[in-house]
Amino acid sequence: MKRLIFILSVIFCFVLSLNSCASVKPADSVASQPVFTHQDSVNEEIKNINLIKESDLVKALWKSYILKNNSEGFNDAQDNFNEILEECKKKFNLLLNSEEEKNNLEAFKFALSINAVDSTFAVPSNLEMLKKQAVPGLNNGITFLENKKVSQFINGTVTVLVDKGIKIKNGIGSADSVLGSGFFISKNGYIITNYHVVADCVDPKYEGLSRLYIKLANDEDTRIPAKVIGWDEVLDLALLKTEVDAPYVFNLGSSESLDVGDTVFAIGSPLGLERTLTRGIISAKDRKLFTCGNVFQLDAAVNSGNSGGPVIDSAGNVQAIVFAGVQNHQGLNFAIPVEYLKAQLPVLFNNSKGGKLVHPWIGAYGKTEKTVGVNAKNAGVKIFYLMPGGSGFCAGLKEDQIIVGLNGKNIYSLEDLQRGLMEFQNGTIVKFNIKNSDGTFQTIPVFLEDRPKNPGYEFYTHDLLCNSFYPLFGMKLTSVSDVSRKKFVVSKVMKGSAAEEYGLSVQDPVVIFKTDFNNEKTILAVNVYTKKQKNGYIDVNVLLTAMLDSPYIF
């Protein structure tokens with residue numbers, strides 16, 4: 001419930017938050033596309049690749065593929081690629097068949113990666129099913145109730161309680177705790193809730209007491225210990241485990257079939273009132289409150305304590321997970337589509353990063369491309385920016401290309417792309433199907449890296465200032481002085497961007513006086529002097545601000 005309030009407060013209080021911040025100078029030089037035209041440069045890159053493969057064999061495979069394609073005529077590059085390709089195939093077979101190293105999730109990553117650079121390698125048809133084996137909520141036996149009523153589903157929900165001991169205020173001690181809701185997705189005690197409910201149990205910065213318990217819907221007096229198995233800060237999801245036999249197990253539905261106006265039910269423990277069920281409708285499906293995809297807006301009554309509870313249809317299928325509501329504004333509540341949970345469950349359950357799920361990215365910024373005309377349709381994702389040194393840049397993606405497919409699945413919108421990327425584990429090589437500006441198509445293998453906490457900050461520090469302002473503020477700048485690095489002219493303005501909202505136009509002169517970040521590196525503020533054409537070239541000083549993460553970054 002705190003998440004949305006925090007987001008809204010940031011928007012109104014960004015100026016106050018920019019305290020104790022030093023100006024940060026972006027990179028003087030940026031990465032360029034590698035050129036391997038001499039034997040020495042090829043040998044040096046092979047040496048680097050062989051160092052990488054000790055810690056990340058898949059990344060080494062991708063690097064060797066790029067080297068092979070950019071150094072035609074050098075047999076060493078081809079031999080290096082073939083050698084690493086064979087090592088990957090051996091590793092895949094070990095992960096799939098060896099009892100000592102068997103890991104279906106890792107095997108799936110290796111299979112997709114090998115196929116991305118070697119189309120003759122066929123991904124086993126049963127591998128995706130094997131990847132989901134034993135993952136709670138995906139392939140488990142579901143308890144179905146005969147003559148079921150909506151009220152019967154309540155037994156599959158729990159109250160989540162984080163006991164933080166005693167807090168002292170004005171010399172008086174009182175219980176300090178966090179309340180939320182959750183629901184069973186397996187008979188052996190796996191539970192889904194919100195990350196923000198259990199954040200203090202896994203946040204390394206939190207130094208206080210925190211004990212995690214759940215209470216069953218049919219036993220409000222007994223606290224049962226639980227532990228956090230995996231969590232996703234971005235999508236506000238957490239997987240818990242408790243040693244109980246679940247009285248009812250929810251089936252994960254398919255929220256893609258939901259539409260605006262459909263009836264749903266929310267179950268939870270608002271204000272600690274267990275076994276509460278409310279009814280409402282889906283009010284909207286495309287609210288951009290996350291940096292990865294859209295969320296649902298619903299008018300079913302939701303209050304503090306509902307966080308993590310299921311949103312179900314009349315058949316009892318979970319269609320979404322409650323995560324936020326706007327206080328003092330009735331009917332403005334939000335839920336996470338269950339499709340996101342289903343995509344993330346294998347990694348939440350088998351997380352190699354100590355429980356924390358990190359989303360993938362390729363260091364790019366783009367928006368949904370639409371066809372021209374009255375009946376305009378989504379036609380893919382147009383790339384507006386690529387971060388120098390990022391995996392998309394190194395793979396050979398270009399600005400103005402349109403992403404129309406991901407590993408053989410059609411991509412029509414940014415939401416399609418973000419949801420598609422969630423289905424892959426970080427460290428996988430995937431195939432981007434690209435439409436070029438001349439109408440031709442090509443397939444480009446790209447390595448999925450870990451998404452940084454504040455990707456906009458990476459744009460700023462890895463690129464020249466004039467380039468980084470394009471994804472951050474929506475204006476591309478061109479330097480007009482060799483003496484001063486602060487004087488520019490606007491060469492491009494992105495439609496719907498902050499620059500357009502501030503009234504900036506192409507050919508407007510711009511002088512940048514100061515750039516400041518807040519302490520958390522989540523907000524950038526820039527003092528700009530300009531003469532806007534739209535204002536009759538009157539001198540104005542403008543404070544531009546940008547959040548350093550957005551749904552348009554992938």
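Residue numbers count from 1 along this sequence. Below, each value reflects all heavy atoms present in this structure, side chains not excepted, and no hydrogens, waters or symmetry copies.
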Judged by atom type as modelled, is there a donor-acceptor pair below 3.5 Å linking the side chain of [X] to the main-chain atoms of [Y]?
{"X": "D262", "Y": "L258", "answer": "no"}
{"X": "N454", "Y": "Y457", "answer": "no"}
{"X": "N104", "Y": "Q133", "answer": "no"}
{"X": "S186", "Y": "Y190", "answer": "yes"}
{"X": "T157", "Y": "I154", "answer": "yes"}
{"X": "N194", "Y": "H196", "answer": "no"}
{"X": "T242", "Y": "V244", "answer": "no"}
{"X": "N306", "Y": "A266", "answer": "no"}
{"X": "D299", "Y": "I281", "answer": "yes"}
{"X": "T222", "Y": "D219", "answer": "no"}

Return the set of residues passing salt bridge (charged side-chain N to carboxylate O under 4.0 Å, His left out) with D549 (not counting sequence neighbours), or none when no residue passes.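 D549 satisfies salt bridge (charged side-chain N to carboxylate O under 4.0 Å, His left out) with R451 once adjacent residues are dropped.
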Residues forming a salt bridge (charged side-chain N to carboxylate O under 4.0 Å, His left out) with K53, sequence neighbours excluded: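 Scan of K53 (salt bridge (charged side-chain N to carboxylate O under 4.0 Å, His left out), adjacent residues dropped) gives E83, E87.
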Which atoms form the tightest heavy-atom contact between [X] and [Y], and what is the distance?
{"X": "S269", "Y": "S181", "result": "N-OG, 2.9 Å"}
{"X": "A525", "Y": "T545", "result": "CB-CG2, 4.2 Å"}
{"X": "L127", "Y": "A111", "result": "CD2-CB, 3.5 Å"}
{"X": "C292", "Y": "V234", "result": "SG-CG1, 4.0 Å"}
{"X": "T193", "Y": "V198", "result": "CG2-CG1, 4.2 Å"}
{"X": "D200", "Y": "S210", "result": "O-OG, 3.4 Å"}

Looking at side-chain heavy atoms only, is the closest gap between [X] and [Y] below 4.5 Å?
{"X": "S113", "Y": "W62", "value": "no"}
{"X": "N426", "Y": "F424", "value": "no"}
{"X": "L524", "Y": "D516", "value": "no"}
{"X": "L235", "Y": "Q344", "value": "yes"}
{"X": "L212", "Y": "V228", "value": "yes"}
{"X": "V117", "Y": "L61", "value": "yes"}
{"X": "L406", "Y": "K431", "value": "no"}
{"X": "I224", "Y": "L216", "value": "yes"}

Between the side chains of [X] and [Y], is a donor N or O closer than 3.5 angstrom to an acceptor N or O?
{"X": "Y412", "Y": "N410", "answer": "yes"}
{"X": "D286", "Y": "N294", "answer": "no"}
{"X": "D232", "Y": "H359", "answer": "yes"}
{"X": "T368", "Y": "S413", "answer": "no"}

From [X] [atom1] over to [Y] [atom2], what is the distance, rounded to the nearest 0.5 angstrom?
{"X": "L138", "Y": "K342", "atom1": "CG", "atom2": "NZ", "answer": "8.0 Å"}
{"X": "L548", "Y": "N518", "atom1": "CG", "atom2": "CG", "answer": "7.5 Å"}
{"X": "I185", "Y": "L239", "atom1": "CD1", "atom2": "CG", "answer": "5.5 Å"}
{"X": "D236", "Y": "S307", "atom1": "CG", "atom2": "OG", "answer": "7.5 Å"}
{"X": "N115", "Y": "T428", "atom1": "CG", "atom2": "OG1", "answer": "12.0 Å"}
{"X": "L94", "Y": "E101", "atom1": "CG", "atom2": "CD", "answer": "5.0 Å"}

Between the side chains of [Y] and [X], is the shortest nitrogen-to-carboxylate-oxygen separation below 4.0 Å, so that they form an ion pair?
{"X": "E106", "Y": "K109", "answer": "yes"}
{"X": "K241", "Y": "E243", "answer": "yes"}
{"X": "E415", "Y": "K288", "answer": "yes"}
{"X": "K453", "Y": "E520", "answer": "no"}
{"X": "K356", "Y": "E233", "answer": "yes"}
{"X": "K131", "Y": "E423", "answer": "no"}

Could you go through L179 and V160, starting from their C-alpha distance and side-chain angles, then the distance that decides it, and tell me whether this counts as side-chain contact (heavy atoms from CB on, under 4.5 Å)? CA-CA 6 Å; L179 275 176; V160 180; over 6 Å; no
Geometric class of the [Y]/[X] ring pair [parallel <30°, tilted 30-60°, perpendicular >60°]:
{"X": "F334", "Y": "F323", "answer": "tilted"}
{"X": "F153", "Y": "F250", "answer": "tilted"}
{"X": "F92", "Y": "F121", "answer": "perpendicular"}

Residues two or more places apart in sequence or in another chain: which of them pass side-chain contact (heavy atoms from CB on, under 4.5 Å) with S177?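 Counting only residues at least two positions away or on another chain, S177 forms a side-chain contact (heavy atoms from CB on, under 4.5 Å) with L161.
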Consider ring pair (Phe, Tyr, Trp, His ring centres under 6.0 Å). Of F459, F473, F554, which one does Y385 pass it with?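 Only match with Y385 under ring pair (Phe, Tyr, Trp, His ring centres under 6.0 Å): F459.
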What verdict does the salt bridge (charged side-chain N to carboxylate O under 4.0 Å, His left out) test give for D163 and R223, after you've listed the backbone C-alpha separation in whole Å, the side-chain angles of each residue and the deciding distance to 0.1 Å? CA-CA 11 Å; D163 184 353; R223 291 185 177 187; 3.4 Å; yes
Let's go through K367 and V381 carefully: what are the C-alpha distance in whole Å and the side-chain angles of both, what is the deciding distance for side-chain contact (heavy atoms from CB on, under 4.5 Å) to 0.1 Å, and is it a yes or a no? CA-CA 5 Å; K367 292 187 177 184; V381 177; over 6 Å; no
Criterion side-chain contact (heavy atoms from CB on, under 4.5 Å) on W231 and L357, from CA distance to verdict: CA-CA 6 Å; W231 66 93; L357 188 151; over 6 Å; no
For I282 and D259, run side-chain contact (heavy atoms from CB on, under 4.5 Å): C-alpha distance rounded to whole Å, both residues' side-chain angles, the deciding distance at 0.1 Å, then the answer. CA-CA 7 Å; I282 299 294; D259 206 347; over 6 Å; no
For the NZ atom on K409, are there more than 12 heavy atoms of other groups (residues, nucleotides or ligands in this structure) within a distance under 6.0 Å?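 No - once you tally the heavy atoms of other residues, nucleotides and ligands closer than 6.0 Å, there are 12 at most.
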